[in-house]
Amino acid sequence: MRKFYQSPRFIWWIIIPTCIIYLVLLVYWPYIIPFDYMGLFGQLSYYLISNYRLLLFIVLWATFFAHLYEALVARRICHQLNIDQELTYLWIIQTFILGYY
């Protein structure tokens, strides 16, 4: 049964959660981010949070709901393919965190 699950490359486990965490910090706790020490990326982030905070808020929650929907679709596909419960949980967790990369 293990052949139905293959974890993605480790780089995706670093990039995607880091970006989502950064977006959460940017929307809800921007005062803890040291924009001055981040160079151009910090300036861009500060500009976005200063001028487009509502857009960032919408992007954050759209990302959350998209990942949630993708995880539910993964669960349904696993159920249709009669994949056991342990592997189904692995697929759901992976898809919720990484989405369909």
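Residues L98 and P8 meet the side-chain proximity criterion, which asks for heavy atoms closer than 4.5 Å.
In the hydrophobic cluster analysis, where Ile, Leu, Val, Met, Phe, Trp and Tyr join through side-chain heavy atoms closer than 4.5 angstrom, F65 is grouped together with F96. When hydrophobic clusters are built by joining Ile, Leu, Val, Met, Phe, Trp and Tyr residues whose side-chain heavy atoms come closer than 4.5 Å, directly or via intermediates, L68 is not grouped with Y89. Neither Y37 nor L25 shares a network with the other; the hydrophobic side chains, linked directly or stepwise wherever heavy atoms of I, L, V, M, F, W or Y lie under 4.5 Å apart, form separate groups for each. When the side chains of ILVMFWY residues are joined at heavy-atom separations under 4.5 Å, either directly or via intervening members, L48 and L40 end up in two distinct hydrophobic clusters. Hydrophobic clustering (side-chain heavy atoms under 4.5 Å, transitive across Ile, Leu, Val, Met, Phe, Trp, Tyr) groups Y22 together with Y31.
A perpendicular orientation is assigned to the rings of F64 and W61, their planes being inclined by more than 60° (bins at 30° and 60°).
The CD1 atom of I15 sits 10.5 Å away from atom CZ of F10, with the distance rounded to the nearest 0.5 Å. The CZ atom of F57 lies 13.0 Å from the CG atom of L26; values are rounded to the nearest 0.5 Å. To the nearest 0.5 Å, atom NE2 of residue H67 and atom CD1 of residue I97 are 10.0 Å apart. To the nearest 0.5 Å, atoms CG (L44) and CD1 (I49) are separated by 11.5 Å. Taking CD1 of I11 as the reference point, atom CD1 of I16 lies at 10.0 Å (rounded to 0.5 Å). Considering CD of Q85 and CD1 of I92, their distance stands at 9.0 Å, rounded to 0.5 Å.
Of all heavy-atom pairs between E70 and G99, the closest is OE1-CA, 2.9 Å. The two residues F35 and P30 make their nearest non-hydrogen contact at CE1-O, 3.5 Å. In terms of heavy atoms, L23 sits closest to L56 at CD1-CD2, 4.1 Å.
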Y47 vs Q43, side-chain hydrogen bond (donor to acceptor under 3.5 Å, both in side chains): CA-CA, chis, key distance, verdict: CA-CA 6 Å; Y47 174 77; Q43 290 176 359; over 6 Å; no
Which is it for L87 and L90 under the side chain to side chain contact (heavy atoms under 4.5 Å, CB included) test, yes or no, and what are the steps along the way? CA-CA 5 Å; L87 295 177; L90 290 174; 3.9 Å; yes
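Other residues, nucleotides and ligands contribute only 12 or fewer heavy atoms inside 6.0 Å of the CZ atom of R76. By the 6.0 Å contact criterion, OH on Y28 is enclosed, its count of non-hydrogen atoms from other residues, nucleotides or ligands being greater than 12.
For R75 (side chain) and T88 (main-chain N/O), no donor-acceptor pair under 3.5 Å exists by modelled atom type.
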